[in-house]
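Written out below as structure tokens is the structure these notes cover.
Excluded from the calculations below are hydrogen atoms, water molecules and symmetry mates; all remaining heavy atoms, backbone and side chain alike, are included. Nothing fancy with the numbering, it's 1 onward along the sequence.
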Amino acid sequence: MKANNTIKLIFPGKRYSIDRSLLYFLDKYIDGESIYFEYDSPRYLNYSKNINEIIDDAYNFSKEILESKKLDEYTEVIVIAKSIGTLVATKLRNEKLIKASKFILLTPINETIPFLKQGDFIVTSLKDSYVDASLLKAKENYFPFLTIYEDLPHSLEYANNFYKTFDLQKEILDNAINYLDISYKDIVE
């Protein structure tokens, strides 16, 4: 996708880093400058913090970075977020630190749901243990860019089946690129 003066804001998950496949390929496929919010932690670390502390740290870290950036200088802002990154990004949007953007939200967590907007691209699964996808399914007519898979874990990967996972990730990437091509800033404010 070609765009002039585009910036991508990449918000990873707690342990889904910016170099994992969905975030990596979306970042590489879409032209523009990137800001990586690298608050994620390696899988081998043991956590002494609970999830709320991790989210608060990620939010404060991201807010500090965004306050030093001039996003208004860009004609297009694209947010690509996974898991807790979906909550961080949508809260920052709610506080007007990210304006008029296209949001690609991969596996939002329950806490993200109140911050979702109609024009967001959302991918989740009924088997995702971090979200009650039935809450989104009840509103699927409201979200035109919502995809709910039946049987995938939070990682959006099939256990022990690389080929199915690759096909799925290609499908998600194609749908996300299509969303960027056809969506507009906000269907509903």
> Taking only residues at least two apart or on different chains, which pairs with a member in residues 56-103 satisfy ring pair (Phe, Tyr, Trp, His ring centres under 6.0 Å)?
Replying inline: none
How would you list, by chain and number, every residue that makes a side chain to side chain donor-acceptor pair (under 3.5 Å) with [X], sequence neighbours excluded?
X    : result
K99  : none
Y130 : none
T90  : none
S83  : H154

>> Listing request: all salt bridge (charged side-chain N to carboxylate O under 4.0 Å, His left out) pairs with a residue in residues 134-145, at least two apart in sequence or in separate chains.
In response: K137-E140
Are [X] and [Y] close enough that some pair of their side-chain heavy atoms sits under 4.5 Å apart?
X    : Y    : result
V131 : T107 : no
Q169 : L156 : no
I122 : F145 : no
I113 : L136 : yes
F143 : D120 : no
L173 : L26  : yes
Y149 : I172 : yes
L66  : L9   : yes

>> Nearest 0.5 Å, please: how far is CD1 in I109 from CD1 in I51?
In response: 6.0 Å
Does [X] have any salt bridge (Lys or Arg N to Asp or Glu O under 4.0 Å) partners at least two apart in sequence or in another chain, and if so, which?
X    : value
D27  : K8
D167 : none
K69  : none
E171 : none

>> Checking one residue: F162. Which other hydrophobic residues are in its cluster under the side-chain 4.5 Å linking rule?
In response: F166
>> Check whether T86 reaches the backbone of L105 with its side chain - one donor and one acceptor, N or O, closer than 3.5 Å.
In response: no
> Quick one: does R20's side chain have a donor or acceptor within less than 3.5 Å of a partner on S155's backbone?
Replying inline: no
>> The criterion is ring pair (Phe, Tyr, Trp, His ring centres under 6.0 Å); which residues satisfy it with F121, sequence neighbours excluded?
In response: Y179
> Taking all non-hydrogen atoms of both residues, which atom of K102 and which atom of L180 are closest, and how far apart?
Replying inline: NZ-O, 3.0 Å
